[in-house]
2 protein chains.
Amino acid sequence: MYTHSAVTSANADFEGLICKGLGQRATSHIAAISVVQKLSPGRTLFSEGDAAENVYEVVRGTLRLYKLLPDGRRQITGFLSAGHLLGLAHEDCYLYTAEAITEVTLCRYPRARFVRMVDEVPGFARRLLDVTSNELCAAQDQMLLLGRKSAVEKVASFILTMAGRRGGQRSEVHIPMTRADIADYLGLTVETVSRTLTRLRQDGVIALQSACCIELRNPGRLEELGAGELAGDL
Amino acid sequence: MYTHSAVTSANADFEGLICKGLGQRATSHIAAISVVQKLSPGRTLFSEGDAAENVYEVVRGTLRLYKLLPDGRRQITGFLSAGHLLGLAHEDCYLYTAEAITEVTLCRYPRARFVRMVDEVPGFARRLLDVTSNELCAAQDQMLLLGRKSAVEKVASFILTMAGRRGGQRSEVHIPMTRADIADYLGLTVETVSRTLTRLRQDGVIALQSACCIELRNPGRLEELGAGELAGDL
DNA sequence: CGCAAACTTGATGTTGCTCAAGCTAGGTGG
DNA sequence: CCACCTAGCTTGAGCAACATCAAGTTTGCG
């Protein structure tokens with residue numbers, strides 16, 4: 001998907017955020033190897049075990065990444081929205097499955113050429129290191145959540161994460177994923193997620209406009225719950 | 001800790017593994033900013049929230065990294081042995097506490113200078129990216145474990161991880177950490193870890209020479225358990 | 001309007017936690 | 001050298017949080 005109109009970029013439609021702040025030359029380099037790809041809800045981008053041929057960057061929409069146990073138990077390791085990279089951390093095979101939750105737009109980069117840019121494009125390595133470091137921090141927070149938080153604390157933390165993700169200007173949080181996705185992300189069951197949301201609603205901490213739109217009625221309380229500061233309460 | 005004897009390295013005692021394969025010049029660069037540091041069992045290297053002034057590399061021994069909830073619940077996010085880096089993934093403050101489990105030898109690098117090398121030393125960024133990627137994969141495996149595995153599956157996985165860490169030639173696995181550490185790593189309690197080890201012993205899967213030395217009597221079975229392939233059994 | 005998927009709610013069950021003793025082993029001092 | 005002491009480990013009994021199983025209800029789409 002090359003265009004001939006723009007001199008400044010080999011790829012006029014290029015929307016990758018990975019090169020933000022890297023300068024014109026670097027951006028051109030990166031844009032030159034990118035291909036835009038779309039994915040409709042529920043479709044699989046790649047599966048655990050597939051040959052890791054591409055690196056992707058999310059431009060729009062939300063994906064879920066997950067791992068499975070042989071008997072079908074699923075752990076979602078993350079929800080990815082605009083600006084996130086995926087497929088980078090692997091040698092030859094993807095180590096998790098990636099599926100679209102909403103309509104998703106991606107930039108696809110051939111893995112080999114993408115990785116080569118680490119040594120060729122100044123500042124690129126540093127950028128990737130930052131991205132990966134942030135992911136690692138998020139993963140560590142998630143370990144604390146999965147290993148040591150109660151159901152209420154998990155759900156509260158989740159709502160706050162979702163609230164922080166987007167502009168978060170108002171107190172309305174949009175939840176694009178199903179209860180099953182949330183459950184598999186938090187190490188709970190669908191029923192427990194549902195019941196916990198109901199309890200939070202009954203306690204006036206949140207309100208549910210619809211299944212996928214949560215209003216924060218008492219963000220302070222939610223914050224305390226998520227942080228694990230209210231051991232016994234609720 | 002500079003020595004004058006060696007021309008090839010600014011630092012004859014330097015034992016950092018991070019620069020393995022990076023060539024003489026790069027190694028000198030890295031060695032030049034390193035200081036060797038020792039830590040006795042139980043001592044804290046740094047705490048969650050401390051200013052992140054240094055990056056460390058483990059040369060010998062084992063550390064535990066953990067996060068705490070306000071009421072003292074602890075989640076160990078990893079055990080670090082020789083070759084592992086720590087303190088890299090932070091902007092200004094450490095996001096977890098690092099404590100020595102055994103006698104530990106470290107290489108300390110001033111953070112600012114270490115990070116600067118990413119842009120200056122060829123191949124260094126790539127190396128760091130590899131290290132961080134591997135950590136991220138391990139973190140994702142751990143999320144699957146914490147969120148979806150049963151107690152037996154968690155303990156079996158843990159034993160296998162420990163077995164793979166060292167030479168692992170024989171079937172004897174040395175466990176330097178206490179049951180409490182194991183519990184806080186697996187999202188269990190001390191009692192459950194102990195009971196589970198007892199059950200594995202009674203089933204002939206392992207034998208306990210002492211509290212800190214496990215013999216693998218049926219590695220195949222342990223493998224199946226850890227992978228979650230024996231849903232109901234044991 | 002009808003259907004299926006997603007969500008909620010209730011009743012019951014089970015895993016792993018809590019609380020409470022004992023036990024073991026390694027280190028210290030008499 | 002042995003007795004003690006403590007930290008760590010094991011074991012047991014009872015319990016609670018969350019899972020499971022089973023209906024209903026709501027929602028969105030064809």
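Chain identifiers are assigned alphabetically (A, B, ...) following the order of the sequence lines, protein sequences preceding nucleic acid strands; residue numbering begins at 1 within each chain.
Of the residues listed (B/T97, B/D184, B/I76), the one engaging B/R64 in a side chain to side chain contact (heavy atoms under 4.5 Å, CB included) is B/I76, and it is the only one.
Relative to the six-membered ring of B/Y56, B/R108 misses at least one condition, a distance below 6.0 Å or an angle of at most 45° to the axis.
When distances are taken from the side chain of B/L188 to each of C/dT9, D/dC18, C/dC17, the shortest belongs to C/dC17. Distances were taken from every side-chain heavy atom of B/R195 (C-beta onward) to each of C/dT8, C/dC17, D/dC9; the shortest belongs to C/dC17.
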| query | When every nucleotide of nucleotides 22-30 of chain D is labelled 5' to 3' by its protein contacts under 4.0 Å (heavy atoms), B for base, S for sugar-phosphate only, - for none, what sequence of letters results? | reply | ---------
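In this structure, A/T178 reaches the sugar-phosphate backbone alone: every heavy-atom distance under 4.0 Å involves primed, P, OP1 or OP2 atoms, never a base. Residue-level contact check: B/G187 touches the backbone only, with heavy atoms under 4.0 Å from sugar-phosphate atoms and none from bases. Using a 4.0 Å heavy-atom criterion, one finds that B/L197 contacts no nucleic acid atom at all.
The nearest whole Å value for the distance from the CE atom in B/M177 to the P atom in D/dG8 is 14 Å.
Side-chain N/O atoms of A/T192 and A/T189 include a donor and acceptor closer than 3.5 Å.
Scored by the side chain to side chain contact (heavy atoms under 4.5 Å, CB included) test, B/E215 finds B/S171, B/E172, B/A207, B/Q209, B/R217 as partners (sequence neighbours excluded).
Taking the C1' atoms of five terminal pairs at each end of the helix from C/dC1-D/dG30 to C/dG30-D/dC1, the two resulting helix axes are inclined by 40°, rounded to 10°.
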